[in-house]
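Quick note on labels: first sequence line is chain A, next is B, and so on, each numbered from 1.
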Amino acid sequence: MSLKFHISNSNCCGNFYSDKIRSWPTPKGVTWSPLSSRFRVRGWRKFASSVGVVRLLSLLHDTSQTEGRDQSSYNSIETPPIQEVLQRPVRVRFAPSPTGQLHVGGARTALFNWLHARKHSGIFMLRIEDTDLSRSTRENEESLLRDLRWLGLDWDYGPEGVTNNSNLEELKKLGPLRQSERGFIYKKYVEKLHSEGFVYPCFCSEEELERQRIEMEASGQTPKYAGTCRHLTPTEIEKQIAAGVPYVFRFKVPKDTKIVLHDIVRGDVVWDAEATFGDFIVMRSNGVPVYNFCVAIDDALMEISTVIRAEEHLTNTVRQILVLHALGFPLPSYAHCSLILGEDRTKLSKRHGATSVNQFRSEGYLPEALINYLALLGWHDGTEQEFYSREELTKSFSLSRLSKAPAVFDIEKLRWMNARYLRSLPIEKLRTVISERLKLAHLLYSHVDSSDSLTEMIAEVTRDSVELTSDYEYQVTRIFSYPLEETVQSGEAAELLTKEGGFYELSEVIVRSFKDGTFPCGENENHRVLWKEWIKCVSKETKRKGKHLFHPVRLALTGKMSGPDVGDVIRILSLAKGKSDKFVPLEQRIRILESFLARMQQL
RNA sequence: UGGGAGGUCGUCUAACGGUAGGACGGCGGACUCUGGAUCCGCUGGUGGAGGUUCGAGUCCUCCCCUCCCAGCCA
């Protein structure tokens with residue numbers, strides 16, 4: 001299908017704005033106070049409903065709407081039936097705004113788009129929506145791209161304006177998909193809409209609009225543009241322009257127009273255009289077009305088959321459909337995915353703690369685990385499967401199985417899933433991860449190879465006690481340390497320090513065994529066997545077993561009350577020689593233990 | 001407030017109108033030591049009220065609650 005690129009550029013509207021579009025100055029920062037905080041009139045509705053007023057009012061409203069109106073004059077703009085769209089070649093996009101880091105909500109939207117494209121051998125594009133110049137940065141854009149790559153969500157075409165796939169060369173005609181560089185395109189379409197009477201210049205100042213809003217709220221009305229400039233005569237318009245009054249372009253929201261959306265996730269949704277929005281701005285006074293306009297244009301030019309995005313944009317679809325329809329573009333289909341919420345059931349944001357993909361990476365989550373978790377948040381394939389490889393996801397994914405209800409982000413479950421992924425990692429991969437992490441934390445000399453027996457041993461010993469890759473730092477630091485004094489002073493070992501506790505008795509045995517060379521120091525390849533034998537001998541000699549044997553031995557040799565198998569710790573200490581300077585070697589531990597015993601004897 | 005979308009264990013989710021099931025968490029037990037490992041067990045839910053039906057999470061009506069849009073943000 002070929003899309004319209006033709007622009008009617010000549011016949012009207014002169015140079016009203018052509019000069020403005022050239023430069024995109026930084027608009028002043030606007031602080032937005034949410035409407036909810038401006039509306040404090042909660043009480044009356046409760047009261048009214050109790051006496052049935054609301055119902056009565058709504059009935060009156062309904063009659064007034066239909067009364068004396070020619071039903072046939074009611075227009076309907078409808079998105080194509082879902083079945084029909086599913087026949088089209090798949091072209092989807094992820095369109096983030098570089099106003100911050102990629103968060104998990106965005107990542108999930110990107111994932112769903114990616115899965116849909118890959119499943120149907122379609123095209124997945126990345127478009128940067130940076131029309132808010134004051135909040136968008138190149139750093140954010142770069143971090144966005146890096147995070148998507150880390151997640152393995154590769155795009156076929158994007159802001160770079162290049163493609164590796166020779167079959168997709170035609171995409172290059174779109175130009176780079178970065179909205180701040182596409183002003184000239186949007187400008188043409190504003191001109192077209194103006195010449196055809198779909199948009200009009202509005203000279204109301206921001207202060208004036210704010211005043212109107214406050215007034216409307218005060219009188220209990222829904223704040224909406226009053227249409228002050230809608231019916232200005234050409235003479236009045238020229239006069240204002242001549243006087244240098246700044247102006248925006250507003251879209252004339254039509255009367256009696258029904259917007260019908262066949263949403264793949266939400267089903268059929270219907271709005272009355274006029275009841276939903278006042279005339280909305282498509283181009284700011286500084287010549288920069290706004291989100292709802294750019295999205296519509298770009299989705300059309302990119303020939304997007306299905307817009308897959310978050311539910312927060314559901315109502316925005318009305319404005320976008322109006323723009324598309326006015327320009328004669330075919331409508332895409334839409335799939336509005338439910339939102340990800342924080343624990344308090346509000347939209348996930350920074351105050352909910354870790355929410356950005358970047359944070360999850362640095363905290364030691366694996367991309368596969370994050371992908372798996374996000375896919376299952378609001379989607380399932382009807383089976384009870386919980387673990388999906390990327391290929392399995394691609395195979396099973398279906399937009400029609402997306403959940404309508406929003407989902408609370410549960411970091412506990414993500415941790416659990418990450419742990420499962422980490423533990424099932426092949427040993428070679430695990431060793432690489434471990435040695436990278438440990439070197440970064442200076443727990444391992446940088447020259448040590450990841451295939452070293454030390455990393456292998458660490459991988460094996462800590463396998464079941466890590467959930468995040470960053471846990472290796474903590475685990476190894478613990479294994480390397482010998483905090484005997486601290487543990488004793490904390491009082492948690494009090495029981496072991498009594499006569500029955502056995503700490504002194506077993507410490508004596510250990511020191512003696514170390515001195516006469518019968519102690520398994522971890523040098524031997526067969527260390528585990530030797531260690532078991534040694535434990536057995538000690539058990540026989542001291543007539544202790546179970547926790548009465550292991551607890552005191554653990555304390556004496558590791559200085560801690562818990563940790564991995566003590567024999568394995570001894571082996572790690574031996575293997576660490578010459579590979580790290582952050583550990584307390586066995587010999588030193590014995591010395592510390594000896595002096596501790598001596599001190600205790602004096603008391 | 002107007003328009004729109006939602007509501008099944010604490011959380012994520014299943015259930016042609018036919019036994020409310022699984023997973024995370026929590027709790028308990030087992031593993032001749034520890035446990036953030038593993039295995040086993042337990043816990044706990046259809047927002048509310050009516051109605052239709054032999055039978056309702058599912059269909060109907062009303063109510064309640066949550067979220068989204070209502071900006072020269074996206």
Base, sugar-phosphate, or nothing: which does A:Cys337 touch, judged by heavy atoms less than 4.0 Å apart? nothing
Tell me, which pairs form a salt bridge (Lys or Arg N to Asp or Glu O under 4.0 Å) where one or both residues lie in residues 400-416 of chain A, sequence neighbours left out? A:Arg415-A:Glu467
Could you let me know what B:C72 is paired to, Watson-Crick or G-U wobble, both distances under 3.5 Å, or none if it's on its own? none
Nearest-Å distance, NZ (A:Lys224) to C1' (B:C69)? 12 Å
Anything under 30° is parallel, anything over 60° is perpendicular, the rest tilted; go ahead and classify A:Phe360 against A:Phe409. tilted
Between B:G3 and A:Thr315, counting only base atoms on the nucleotide and side-chain atoms on the residue, is there a donor-acceptor pair under 3.5 Å? yes
Can we call the ring centroids of A:Phe249 and A:His194 under 6.0 Å apart? yes
Whole-angstrom distance between B:C39 and B:C24, as gauged at atom P: 9 Å
Taking only side-chain N and O atoms of A:Arg345, does any of them lie within less than 4.0 angstrom of OP1 or OP2 on B:C65? no
Looking across every strand, which nucleic acid part, if any, lies under 4.0 Å from A:Lys413 by heavy atom: base, sugar-phosphate, or nothing? base
What integer number of Å spans the P atoms of B:C9 and B:U46? 7 Å
Integer angstrom distance from the C1' of B:G21 to that of B:A15: 7 Å
Looking at B:G21, B:U11, B:C72, which one has an atom nearest to any side-chain atom of A:Ile281? B:C72
Heavy atoms under 4.0 Å, any strand shown: does A:Gln475 hit a base, just sugar-phosphate, or nothing? base
Check: A:Tyr474 side chain, B:G36 base, donor-acceptor under 3.5 Å: yes
Give the rounded distance in Å between these two atoms: CD of A:Glu311 and P of B:G4. 14 Å
A:Arg423 CZ - B:A37 P separation (whole Å): 6 Å
So does A:Arg544 get a side-chain nitrogen or oxygen closer than 4.0 Å to the phosphate oxygens (OP1/OP2) of B:C33? no
Which comes earlier along RNA chain B counting from the 5' end, the contact point of A:Val466 or that of A:Lys347, where each point is its nearest nucleotide? A:Val466
Measuring only the P atom in each nucleotide, how far is B:G55 from B:G3? A whole number of Å is fine. 37 Å
Whole-Å distance between B:G71 C1' and A:Glu217 CD? 12 Å
Please report the C-alpha distance between A:Arg309 and A:Glu129 in whole Å, then the side-chain angles of each, then the deciding distance to 0.1 Å, and finally whether the salt bridge (charged side-chain N to carboxylate O under 4.0 Å, His left out) criterion is met. CA-CA 14 Å; A:Arg309 63 184 172 196; A:Glu129 311 226 315; over 6 Å; no
Paired with B:G57 by Watson-Crick or G-U wobble geometry, both distances under 3.5 Å: which nucleotide is it? none
Taking any strand in view, what nucleotide pairs with B:C33 in a Watson-Crick or G-U wobble way, both distances under 3.5 Å? none
Partner nucleotide of B:A23 by Watson-Crick or wobble geometry (both distances under 3.5 Å): B:U11
Which of these nucleotides, B:C72, B:G6, B:A74, is closest to any side-chain atom of A:Asn292? B:A74
Just by distance, no angles: are the side chains of A:His262 and A:Glu78 close enough, under 3.5 Å, to form a donor-acceptor pair? yes
For A:Leu376, answer base if it contacts any base atom (sugar-phosphate contacts may also be present), sugar-phosphate if it contacts only those atoms, and nothing otherwise; contact means non-hydrogen atoms under 4.0 Å. sugar-phosphate
What is the nucleic acid contact for A:Val270, judged by heavy atoms within less than 4.0 Å: base, sugar-phosphate only, or nothing? sugar-phosphate
Rounded off to whole Å, could you give me the CG-to-C1' distance for the A:Leu314 and B:C69 pair? 9 Å
Between B:G6, B:C12, B:C69, which one does the side chain of A:Val408 approach most closely? B:C12
Which of these nucleotides, B:G6, B:G71, B:C68, is closest to any side-chain atom of A:Glu312? B:C68
Roughly how far apart, to the nearest Å, are B:U58 and B:U52 at atom C1'? 13 Å
Are any of the side-chain heavy atoms of A:Phe293 and A:Phe280 separated by less than 4.5 Å? no
In whole Å, measure the gap between the C1' atoms of B:A37 and B:G47 for me. 39 Å
Could you work out the separation of B:C59 and B:G17 based on their C1' atoms and round it to a whole Å? 8 Å
Tell me what A:Arg463 touches on the nucleic acid: a base, only sugar-phosphate, or nothing, going by heavy atoms under 4.0 Å. nothing
Please give the distance between the P atoms of B:G57 and B:G48 as a whole number of Å. 11 Å
Whole Å only: how far is the CZ atom of A:Arg127 from the P atom of B:A74? 12 Å
Just checking, any donor-acceptor pair under 3.5 angstrom between side chains of A:Tyr291 and A:Asn316? no
Look at the side chain of A:Asp132 and decide which nucleotide, out of B:G6, B:C73, B:C67, has an atom nearest to it. B:C73
Does one side chain, of A:Asp298 or A:Gln179, offer a donor that lies under 3.5 Å from an acceptor on the other? yes
Taking for A:Gly382 and for A:Asp471 the nucleotide of RNA chain B with the nearest heavy atom, the one nearer the 5' end belongs to A:Gly382
Which is true for A:Tyr291 with a 4.0 Å heavy-atom rule: it touches a base, it touches only sugar-phosphate, or it touches nothing? base
For atom CH2 of A:Trp271 and atom P of B:C68, their distance in whole Å: 16 Å
Taking a pair to mean Watson-Crick or G-U wobble geometry with both distances below 3.5 Å, B:C67 pairs with B:G4
Polar pair under 3.5 Å, donor/acceptor by atom type, side chain A:Lys404, base B:A5: no
Please state how far atom CD in A:Glu460 lies from atom C1' in B:A37, giving the value in whole angstrom units. 14 Å
